[in-house]
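Below, all heavy atoms of this structure are taken into account, side chains as well, without hydrogens, waters or symmetry copies.
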Amino acid sequence: MVYYTKSVSETEAVGRELANEFLRRGARRGFIAMRGEMGVGKTAFVRGFAGAFGILRVKSPTYTIVNEYTGDGGVHIYHFDMYRISDGDDLYSTGYEDYISRDGFCIAEWSENVTEYLPSDRVVVTISRTDDGDGRKIEITGGDF
């Protein structure tokens, strides 16, 4: 699926749409690998995804590595920032293995830094700037999307 957005709120809406698709399928867990350069809207997308579960405050996990949120119906979201993760030891020191084995949605920004450790059934969300620089192209692949 490919979407084009012109604002933060439109990018958030695409995140909500993906969450709603998981809900329609009855999924209570999943892994979303986020890709895109700094400032392109990855956290805005996550904010929209989390909003579908009633989570209204989402912040970038840049310095905490992972933020945990609990939404409506007890749905858990584990929001990772892999920007500073340089190897498997760094990754596993975050408790990564435990998080991905739990019920809930793991969403990893900068997932390209840890590709070899990502689950094979992941959904990949790639966000890039459009040619005019103001818009965004959002590509969602994997997981039968």
Side-chain angles (χ1 to χ4, degrees), residues 1-85 88 91-92 94-145:
M1 298 187 308
V2 177
Y3 300 86
Y4 292 91
T5 63
K6 291 283 189 185
S7 67
V8 171
S9 62
E10 288 181 5
T11 297
E12 290 172 350
V14 176
R16 270 190 306 281
E17 187 170 325
L18 179 60
N20 287 329
E21 183 58 31
F22 275 108
L23 287 169
R24 279 190 288 278
R25 295 176 182 202
R28 302 237 345 134
R29 64 185 329 244
F31 193 100
I32 301 163
M34 302 288 303
R35 297 184 177 166
E37 65 187 45
M38 194 167 296
V40 79
K42 295 182 297 293
T43 300
F45 185 95
V46 175
R47 200 168 35 247
F49 186 94
F53 298 99
I55 300 166
L56 303 178
R57 299 195 62 137
V58 171
K59 61 182 184 171
S60 175
T62 300
Y63 298 105
T64 58
I65 308 297
V66 63
N67 290 331
E68 298 182 39
Y69 303 103
T70 302
D72 297 341
V75 171
H76 298 284
I77 295 178
Y78 310 109
H79 182 196
F80 288 88
D81 185 321
M82 303 299 190
Y83 186 77
R84 289 179 174 73
I85 303 297
L91 180 62
Y92 289 107
T94 69
Y96 176 75
E97 283 183 321
D98 292 331
Y99 284 108
I100 64 172
S101 66
R102 299 178 188 171
D103 277 345
F105 295 95
C106 291
I107 306 173
E109 296 189 27
W110 298 98
S111 66
E112 58 271 35
N113 291 351
V114 296
T115 300
E116 65 190 272
Y117 302 101
L118 300 178
S120 60
D121 61 347
R122 65 190 174 264
V123 173
V124 178
V125 176
T126 305
I127 305 176
S128 56
R129 297 181 199 286
T130 57
D131 290 340
D132 66 7
D134 292 329
R136 300 293 185 261
K137 178 182 180 184
I138 303 171
E139 296 178 82
I140 302 174
T141 59
D144 298 325
F145 287 95

Using every non-hydrogen atom in the two residues, find where [X] and [Y] come nearest and quote the distance to one decimal.
X: Ile77; Y: Ala50; value: CD1-CA, 3.7 Å
X: Glu139; Y: Val2; value: CG-CG2, 4.0 Å
X: Tyr92; Y: Tyr96; value: CE2-CD2, 3.8 Å
X: Gly71; Y: Ile55; value: CA-CG1, 3.6 Å

In this structure, are over 12 heavy atoms from other groups packed under 6.0 Å from Asp131 atom CG?
-> no
For atom CZ of Arg24, is the number of surrounding heavy atoms from other residues, nucleotides or ligands below 6.0 Å larger than 12?
-> yes
Among Val14, Thr126, Val124, which one satisfies side-chain contact (heavy atoms from CB on, under 4.5 Å) with Ile140?
-> Val14
Looking at [atom1] of [X] and [atom2] of [Y], how far apart are the two atoms once the value is rounded to the nearest 0.5 Å?
X: Ile32; Y: His79; atom1: CD1; atom2: NE2; value: 10.0 Å
X: Ile65; Y: Ile85; atom1: CD1; atom2: CD1; value: 4.5 Å
X: Ile138; Y: Thr11; atom1: CD1; atom2: OG1; value: 4.5 Å
X: Phe31; Y: Ile100; atom1: CZ; atom2: CD1; value: 7.0 Å
X: Glu97; Y: Tyr117; atom1: CD; atom2: OH; value: 10.5 Å
X: Ile127; Y: Met34; atom1: CD1; atom2: CE; value: 4.0 Å

Steps toward side chain to side chain contact (heavy atoms under 4.5 Å, CB included) verdict (Val75, Arg28) | CA-CA 7 Å; Val75 171; Arg28 302 237 345 134; 3.3 Å; yes
Can Phe22 and Val123 be said to form a side chain to side chain contact (heavy atoms under 4.5 Å, CB included), step by step?
-> CA-CA 11 Å; Phe22 275 108; Val123 173; 3.9 Å; yes
Keeping the roles fixed (side chain from Arg29, backbone from Arg102), state whether a donor-acceptor pair exists under 3.5 Å.
-> yes
Is the side chain of Asn67 donor-acceptor paired with the backbone N or O of Val58 at a distance under 3.5 Å, no angle test?
-> no
Can you confirm whether [X] sits close enough to [Y] that some side-chain heavy atom of one is under 4.5 Å from a side-chain heavy atom of the other?
X: Asp134; Y: Thr130; result: no
X: Glu112; Y: Met82; result: no
X: Asn20; Y: Leu23; result: yes
X: Met38; Y: Trp110; result: yes
X: Phe80; Y: Tyr99; result: yes

Step by step, would you call Thr115 with Arg35 a side chain to side chain contact (heavy atoms under 4.5 Å, CB included)?
-> CA-CA 11 Å; Thr115 300; Arg35 297 184 177 166; 3.9 Å; yes
How far apart are the C-alpha atoms of Tyr3 and Leu18, what are their side-chain angles, what is the distance that settles it, and do they pass the side chain to side chain contact (heavy atoms under 4.5 Å, CB included) test?
-> CA-CA 11 Å; Tyr3 300 86; Leu18 179 60; over 6 Å; no
Sequence-distant partners of Glu37, salt bridge (charged side-chain N to carboxylate O under 4.0 Å, His left out), two or more places apart | Arg129
Please, which pairs that meet salt bridge (Lys or Arg N to Asp or Glu O under 4.0 Å) have at least one residue in residues 8-19, sequence neighbours excluded?
-> Glu12-Arg47
Charged N to carboxylate O under 4.0 angstrom, Lys6 versus Asp132?
-> yes
